[in-house]
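Here the structure comes first, spelled out in structure tokens, and everything after it is commentary.
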Amino acid sequence: MNRRNFVTRGAAGMAGMLLSSPLTGSAAPPPGEAATRSAPPSFDLMKEVMKYRKIDVHAHIYWTDDSPETQLDYGRRLGIEKQVISRYLDVMPGTPEQFRKFNDLTIKAIKKYPGQLLGGFVLNPVYQKESLEEIKRCTDAGMIGPGELYYQVKINDPKYFPIIEKLIDLKMIIHSHAECQLGVGGYRMKYNGYKQPNTSIPEDFVDIARRYPEGIFQYAHIGMGGDWEYECKLFREYPNIYVDTSGSNNAENMIDFAVEHLGEDRLFFASDNSYYQGVGRVLSANLTDRQKQKIFFDNYNNLLKKGGRGVD
Amino acid sequence: MLIDINAYVGHWPFMQLKYNNCTALVERMNKYGVETSVISNLNGIFYKNTQSANRELYEELKALGTQRKRFIPFAVINPTYAGWQYDLEECVKKFGMKGVRVYPKYHDYEITDPALIELVKRTRDMNLPVAFNYKMVDSRQRSWMDIDYVAYTPKPEWTLKNIFPIIKAVPDAKYMILNVTNSMQLDAADAALFKKARVLMDTSGRTINDLGSLLKTQGTERFAFGTHAPILDYLTGMLRIESLRAEEADARVKELLRSGNATHFLGL
Amino acid sequence: MLIDSNAYIGHWPFLRLTHNTPETLLGRMKEFGTDASVISNLNGIFYKNTQHANEELWEAIRSKKIYTDRFIPFAVINPVYGGWRDDLEQCTTRMGMKGVRLYPQYHGYEIATPSCVELVKRCRDKGVPVAFCLRMVDSRTSSWMDLDKEWTLKDIVPIVKAVPDAKYLVVNVANSMALNTEDMDLFRKADLLIDSSGRNITNWVDLFKSFGTGKFCFGTHAPILDYFSGLLRIESLRPTEADEKTKEQLRSGNIKKLLGI
């Protein structure tokens, strides 16, 4: 093309641009214009809610007088048959005295409501001997495994190894808190003073899951506000990492994305006490009834059964 | 009948969204029995010139045919950007928009900025509501490019206290407060003023977890079904209403929440 | 033949774009006689999970035969985000993408951070180029939410130094191209192209003298920049500045060589 052709082509281009510009200034739709406004068929949401059996695999009880009754009431309202509760160890340093006290609260609750509550214990691997003893004490008291293990020690810290080995022996699901967000370690995430420095991140889960391929790891609350896309993408290749769907953030498409990346067997329904969001995000996912039932109940129960702790 | 007072179309820069155009939203509405949705264009949160977003929404609705009657469009206006007064007029008179959404944090101005006060007074004089929200997305999962109001830091997410000053400045305007996700606490004097104000809050936010109690303290006329879709899932906001027990809300109150309050507030 | 080495589809958060779909971009190409365009998805700059943007691009291109004939897709990869290795593999195999675009400033990492070096080495081993952009938009006109710093050519040096045998494309050279002798020597030896869309591509005589004629190619940076200017810079070259053979190199020869097509 020579310069003259180029200019010619350019002029045509300008004309073309003018012609192809969207016509602006056209009138608004005439007010009152008749348009079809057929009401959609009504949707019986509560019937849908009650259609599925549910185990909420990540819930908590509190020190308040209304606990666990308030949590149980949410469960009844939304058709949640069982809740796996724990009193997470949100204190430092998390001494044996402290974690025993926290677990006592859970034991009291599960004794009172054996039909609705399953107990998860907490511990601190800094105190290895006491933690191993606590596993035995809590198991004897009827707990089904660890509750949400917290930020005292990262899940892949060698201090955890003997604990994890014991939990694997007992065929328990290893459930730990983790975060993946700005402000916490990991991608673009720094421990910036607002978070405990030993908070686990997704990479820590990958590390421990690779070390113990026979372990069953429950990554806590992909709906807690962390970057669930990052989490699910990172866990794709690690079949022994399961995610629980709990948290207060009920992002649209989160469940669909998790199923796409992890498969329908690696998600557990959970609320972390955000009960509406917990149920709503699974129901609104673009999944079959069978897939929803697996997430709400079967996936977790099947793993409980392996340890002889299944729910009938 | 269900009216969703808090839905969107458009693009969220930091994440691929599903169901974020009118056609997909209509399918969602049909599936879950929602007759009408108040919508605005997410692009208006990020475009410097928000009127491009309002025009996009107008064009999308115009192309939708008969189904356009299922939507009540709201404009996004930035009162610190040039030409907003003209934009507002055009949105209301030409595009047929029925309310205004404002984003002080994204558009970077104070809640008591004189320009915002002027905008709210204009919408009041037009008898149109102006809508604020606590947040668009959970700050814990925000992008590093998103605004930095972050929970548990010295610059936290908004609460009702952050929105209240505009209600105090223009107490006779109509306000929508959406995605109520943090504290609703106000001091006694402000709470009294807030109670008198014409306010409609939607059920999409996580703070609306005990709607039964809120109906008692705030009154049954101040809440309406909202999804915050497609950023939040479609059903949680509905679940908060549908799971109310008879002693918390009788059939009449449930109907108010599903559509009655929205119909009255929006003058439908 | 004319190949645009720097075009996009997708959404820019801060401004409504036109000609940002395959169909409208193809319209521009037809208007200006562009035979093929290297394209990537703008959404990948802002999505935390860039792979959604790559899937969108792949699906868009697959939707029509003419798109697969006329578009050369590049993936957007963020080497500090979960699952990027798998994303790269999917993009360069299943999706048939021919190169990778990287955005260290938008994605928040240093250009020679170990995972970026690893990514560039992987691309080198696959024989696909990696592309960097000095800026997407003029920071003076952009949003208060956009980046506040632009790059110069010097900012690209660390990665070229770290992986000198990879293939590079540097686009929208809108700021200083000054390099010291050592770095200029590195660039001259590297398999590296600079597109013609940036405002600093003005004095060709000096540019050819410094970098050589084999280091440049046509690029529009469309639809963010206008479709004309990048082409005008080439077509307005006088015979004393570039003979027809050189112009053909700029129009398509150099980029074809880089892409191995």
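As a basis for the values below, the full set of heavy atoms in this structure was taken, side chains included, without hydrogen atoms, waters or symmetry mates. Lettering follows sequence order; numbering is per chain, from 1.
In terms of heavy-atom proximity, B:G33 sits nearest to A:P40 at C-CG, 3.7 Å. Contact between A:S248 and B:R206 at its shortest, heavy atoms only, is OG-NH1, 2.7 Å. The two atoms that bring A:G280 and B:L235 nearest to each other are O-CB, 4.1 Å, heavy atoms only. Closest approach of B:S243 and A:Y276 over heavy atoms only: OG-CE2, 3.1 Å.
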*Could you check A:Q277 against B:N209 for side-chain contact (heavy atoms from CB on, under 4.5 Å), going step by step and ending with a plain yes or no?*
CA-CA 9 Å; A:Q277 297 97 308; B:N209 270 353; 3.7 Å; yes
_Intermediate values then yes/no, side-chain contact (heavy atoms from CB on, under 4.5 Å), B:Q16 and A:E229_ = CA-CA 11 Å; B:Q16 184 192 58; A:E229 288 178 303; 5.5 Å; no
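Here the OG1-CG distance, from B:T236 to A:L283, works out to 8.5 Å after rounding to the nearest 0.5 Å. Rounding to the nearest 0.5 Å places OH of B:Y19 at 4.0 Å from CG of A:N286. Between A:D227 atom CG and B:W144 atom CH2 the span is 7.0 Å, to the nearest 0.5 Å. Note: A:S284 OG to B:M238 CE = 9.5 Å, rounded to the nearest 0.5 Å.
Within residues 75-82 of chain A, the residues approaching chain B closer than 4.5 Å by heavy atoms are, in numerical order, A:R76, A:R77, A:L78. Within residues 44-70 of chain A, the residues having any heavy atom under 4.5 Å from a heavy atom of chain B are, by residue number, A:L45, A:M46, A:V49.
Heavy atoms closer than 4.5 Å to chain A are found nowhere in B:V137, neither backbone nor side chain. The parts of A:N250 that come within reach of chain B are both its backbone and its side chain, each placing non-hydrogen atoms under 4.5 angstrom from that chain. Interface residue B:L232: backbone and side-chain heavy atoms are both found under 4.5 Å from chain A.
When the shell of 6.0 Å around CD of B:E247 is examined, it contains more than 12 heavy atoms from other residues, nucleotides or ligands. The local environment of NZ in B:K98 is sparse, with at most 12 non-hydrogen atoms from other residues, nucleotides or ligands closer than 6.0 Å.
Your options are B:M15, B:K31, B:M29, and the one with the most heavy-atom pairs under 4.5 Å with chain A is B:M15. Between chain B and the residues A:Y74, A:F257, A:Y275, the largest count of heavy-atom pairs under 4.5 Å involves A:Y74.
No side-chain heavy atom of B:L17 sits under 4.5 Å from any side-chain heavy atom of A:N253. Put simply, the side chain of B:Q141 does not reach to within 4.5 Å of the side chain of A:C180, judged on heavy atoms.
With hydrogens and angles ignored, the 3.5 Å screen pairs a side-chain donor or acceptor of B:R140 with a backbone N or O of A:M224. Here the side chain of B:D233 pairs a donor or acceptor atom with the backbone of A:R281 at under 3.5 angstrom.
Ionic pairing of B:R245 and A:D73 is present here: one or more N-O contacts between side-chain nitrogen and carboxylate oxygen are shorter than 4.0 angstrom.
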